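I have placed the structure first, in the form of structure tokens, so that the comments after it can refer back to it.
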Amino acid sequence: MADKRDYYEVLGLKKGASEDEIKKAFRKLAMKYHPDRNPDDKEAEEKFKEVNEAYAVLSDPEKKDKYDRFGHAGVDPNAGFGGAGGFGGFGGFEDIFDMFGGFGGFGGGGRRRNGPAKGSDIQKSMSISFEDAAFGVTKEIKLNKYVKCKTCQGSGAAPGTSKKTCSRCGGTGEVRTSQRTPLGTFQSVSPCPECGGAGEVNETPCGDCGGTGRVQDTVTINVNIPAGVDNDSVIPIRGQGEPGINGGPDGDLYLVLNVKPHKLFERRGQDLWLEIPISFNQAALGDEIVIPTLEDKVSYKIPAGTQPGTVFRLKGKGIKHIKSNRKGDLYVKVMLEVPTKLNAKQKKAIEHMGKEVTNECYKRKSSFKDAVKEFFS
């Protein structure tokens, strides 16, 4: 953990950045370093993984809180000393061994340099409908990725054979050399040239995977998308990334959601907003109107004298919170619809109404007229 960059720095943000700022920074960098845009670019691939890891932590309120308090140690399940920064700021004993191992002072057991390692994580984008995001859905997705070779069960050795312990390093994956200096004798450690640091030699590699222990294949998995997700929500699916190395755990799949807009509703957090047109008669005299919601239709009585732009609130008719059963609200904004196609008789009727419904009937119009008169007096 000691060599990891600060997650805020990775996304180009300052500590305390808002949820929207974190989302925007992630989308920009993920697009910039995406493997499809940078084929065979190892540096871009590493940056893409780094950005993905930073977003996975900072987009989760609970993980973000731990990270803000304890740094990387607060979100690393392998961190020593309860994830509170470890020993004097180091990530754990292994980091200390790494620092001093070159002098032969610590880690004398010869910890293998090419030991088990977690497989690479995968990121995949998926588009879902507005309703699927609101109510949740199970989706079937296909991934083209590396999987464990079935012939050798991921060992890399041909069936009926096994890897042998390297005779040169004795299975440690390291060789040590001594050097005399005026300050004394020092030991240096380097990967074993015979086995490349693996500690084992594969004399009969598997014919299907060429000794790598993995092959490329298309797999189909079912993904449960919970109710309440939003645009740019990230769903981690453990163990569905690339196969682990040398017996290490498989990587994870991070599903980034793209929620399609709705024809009627606008989403603001867990709340929904809806604009409904009403006629002059309905606004002036009041009426009972039918309001669509995501789940059903409800009747709502608007009072007489309702002004254009008035907003009514329907409690609990919004989107479910992803981590609770509480729902947001539906806000309905009424818009006055003015008729555009009138025949002569209808125009005459409106002119007659205009003579009968004088300025005194309009509270706002009367107050505006008085204000104008006072301004010019």
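If you're wondering where the values come from, they're calculated on a predicted model, not measured in any experiment. Position 1 is the first residue of the sequence; numbering continues from there.
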Exercise. Give the intermediate values and the outcome of side-chain contact (heavy atoms from CB on, under 4.5 Å) for residues L143 and L253.
Key: CA-CA 10 Å; L143 294 172; L253 168 65; 3.7 Å; yes

Quiz prompt | Trace of the side-chain contact (heavy atoms from CB on, under 4.5 Å) decision for E242 with I122 | solution = CA-CA 7 Å; E242 302 284 7; I122 298 175; 4.1 Å; yes

Quiz item: Could you walk me through whether E46 and Y33 pass the side chain to side chain donor-acceptor pair (under 3.5 Å) check?
Solution: CA-CA 9 Å; E46 290 303 317; Y33 296 120; over 6 Å; no

Exercise. List the steps and the verdict of side-chain contact (heavy atoms from CB on, under 4.5 Å) for F312 and T306.
Key: CA-CA 10 Å; F312 300 105; T306 295; 3.9 Å; yes

Quiz item: How far apart are the C-alpha atoms of Y67 and D6, what are their side-chain angles, what is the distance that settles it, and do they pass the side chain to side chain donor-acceptor pair (under 3.5 Å) test?
Solution: CA-CA 10 Å; Y67 180 75; D6 177 76; 2.8 Å; yes

Quiz prompt | Verdict with supporting geometry, K148 and R214, side-chain contact (heavy atoms from CB on, under 4.5 Å) | solution = CA-CA 4 Å; K148 186 185 292 184; R214 62 181 194 169; 5.9 Å; no

Exercise. Under the side chain to side chain donor-acceptor pair (under 3.5 Å) rule, what do D250 and Y146 come out as? Steps first, then yes or no, please.
Key: CA-CA 10 Å; D250 293 344; Y146 282 105; over 6 Å; no

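Minimum interatomic distance between L336 and P308 (heavy atoms only, all atoms of both residues): CB-CG, 3.8 Å. A pairwise comparison of heavy atoms in C209 and V215 identifies CB-CG1, 3.8 Å as the closest pair. Closest heavy-atom contact between R168 and P193: NH1-CG, 3.4 Å. Taking both residues in full, the closest heavy atoms of P226 and V229 are given as O-CG1, 3.4 Å, listed atom of the first, atom of the second, then distance. Nearest heavy-atom pair, K63 versus A56, reported as atom, atom and distance to 0.1 Å: CD-O, 4.1 Å. Minimum heavy-atom separation, E62 to D60: N-OD1, 3.0 Å.
Under a hydrophobic-cluster definition in which Ile, Leu, Val, Met, Phe, Trp and Tyr are linked whenever side-chain heavy atoms come within less than 4.5 Å, directly or via other members, L330 and V298 are assigned to the same cluster. Both F48 and Y8 are assigned to one and the same hydrophobic cluster, defined by single-linkage of ILVMFWY side chains at heavy-atom distances under 4.5 Å. Note on L257 and I22: separate hydrophobic clusters, where clusters join Ile, Leu, Val, Met, Phe, Trp and Tyr whose side-chain heavy atoms are under 4.5 Å apart, directly or indirectly. The hydrophobic cluster containing V256 does not contain I225, counting ILVMFWY residues as joined when their side-chain heavy atoms lie under 4.5 angstrom apart, directly or transitively. Note on I128 and I322: same hydrophobic cluster, where clusters join Ile, Leu, Val, Met, Phe, Trp and Tyr whose side-chain heavy atoms are under 4.5 Å apart, directly or indirectly.
In summary, the side chains of T293 and D296 do present a donor paired with an acceptor at a separation below 3.5 Å, with no hydrogens or angles considered.
Taking 4.5 Å as the limit, every side-chain heavy atom of Q346 sits out of range of all side-chain heavy atoms of K341. Taking the side chain as every heavy atom from C-beta outward, S59 and K23 never approach each other to under 4.5 Å. Side-chain contact check for D208 versus C149: some heavy-atom pair is nearer than 4.5 Å. Within the 4.5 Å cutoff, the side chain of V147 has no heavy atoms near those of the K150 side chain. At a threshold of 4.5 Å between non-hydrogen side-chain atoms, the residues Y55 and Q123 do not count as touching. Taking 4.5 Å as the limit, every side-chain heavy atom of S190 sits out of range of all side-chain heavy atoms of T177. Side-chain contact between E194 and C192 is present, with heavy atoms from C-beta onward closer than 4.5 Å. Residues K139 and L255 fail the side-chain proximity criterion, which asks for heavy atoms closer than 4.5 Å.
Within 6.0 Å of CD on Q216 lie more than 12 heavy atoms contributed by other residues, nucleotides or ligands. Around the CD atom of E19, the shell of radius 6.0 Å holds no more than 12 heavy atoms that belong to other residues, nucleotides or ligands. Under a cut-off of 6.0 angstrom, the local environment of CD in E43 is sparse, with at most 12 non-hydrogen atoms contributed by other residues, nucleotides or ligands. Within 6.0 Å of atom NZ in K66, 12 or fewer heavy atoms from other residues, nucleotides or ligands are found, so the atom counts as exposed in its surroundings. In the displayed structure, K145 atom NZ is contacted under 6.0 Å by more than 12 heavy atoms of other residues, nucleotides or ligands. Within a 6.0 Å radius of NZ in K301, no more than 12 heavy atoms belonging to other residues, nucleotides or ligands are found. Atom CE of M31 has 12 or fewer neighbouring heavy atoms from other residues, nucleotides or ligands inside a 6.0 Å radius.
Separation of atoms CG (L272) and CZ (R267) is listed at 7.5 Å; rounding is to 0.5 Å. Atom OG of S279 and atom CD of E337 lie 8.5 Å apart (nearest 0.5 Å). Rounding to the nearest 0.5 Å gives a distance of 9.5 Å between CG of L274 and CG of L314. Atom OG1 in T310 sits 10.5 Å away from atom CE in M335 (nearest 0.5 Å). To the nearest 0.5 angstrom, Q270 atom CD is 7.0 Å from D230 atom CG. A distance of 5.0 Å separates CG in L294 from CZ in F265, rounded to the nearest 0.5 Å.
Distance alone, capped at 3.5 Å, is enough to place a donor-acceptor pair between the K163 side chain and the S155 backbone. Checked by atom type and distance alone, the side chain of T161 never pairs as donor or acceptor with a backbone atom of A157 at under 3.5 Å. Put simply, the side chain of H321 never gets that close to the backbone of K323: no donor and acceptor are under 3.5 Å apart. With N38 contributing its side chain and D41 its backbone, the two residues share no donor-acceptor pair below 3.5 Å. Between the side chain of N258 and the main chain of M126, no donor-acceptor pair closer than 3.5 Å is present. Between the N202 side chain and the G156 main chain, a donor and an acceptor come within less than 3.5 Å of each other.
With salt bridges taken as basic N to acidic carboxylate O contacts below 4.0 Å, one links K49 and E45. In summary, E266 and K333 do not engage in a salt bridge, as defined by a charged side-chain N under 4.0 Å from a carboxylate O. Here K24 does not pair with D20 in a salt bridge; the nearest charged N to carboxylate O distance is not below 4.0 Å. Checked for salt-bridge contact, D329 and K315 miss the test: no charged N lies under 4.0 Å from a carboxylate O.
Evaluated for a side-chain hydrogen bond (donor to acceptor under 3.5 Å, both in side chains) with Y7, the options K64, K15, E53 yield exactly one hit, E53.
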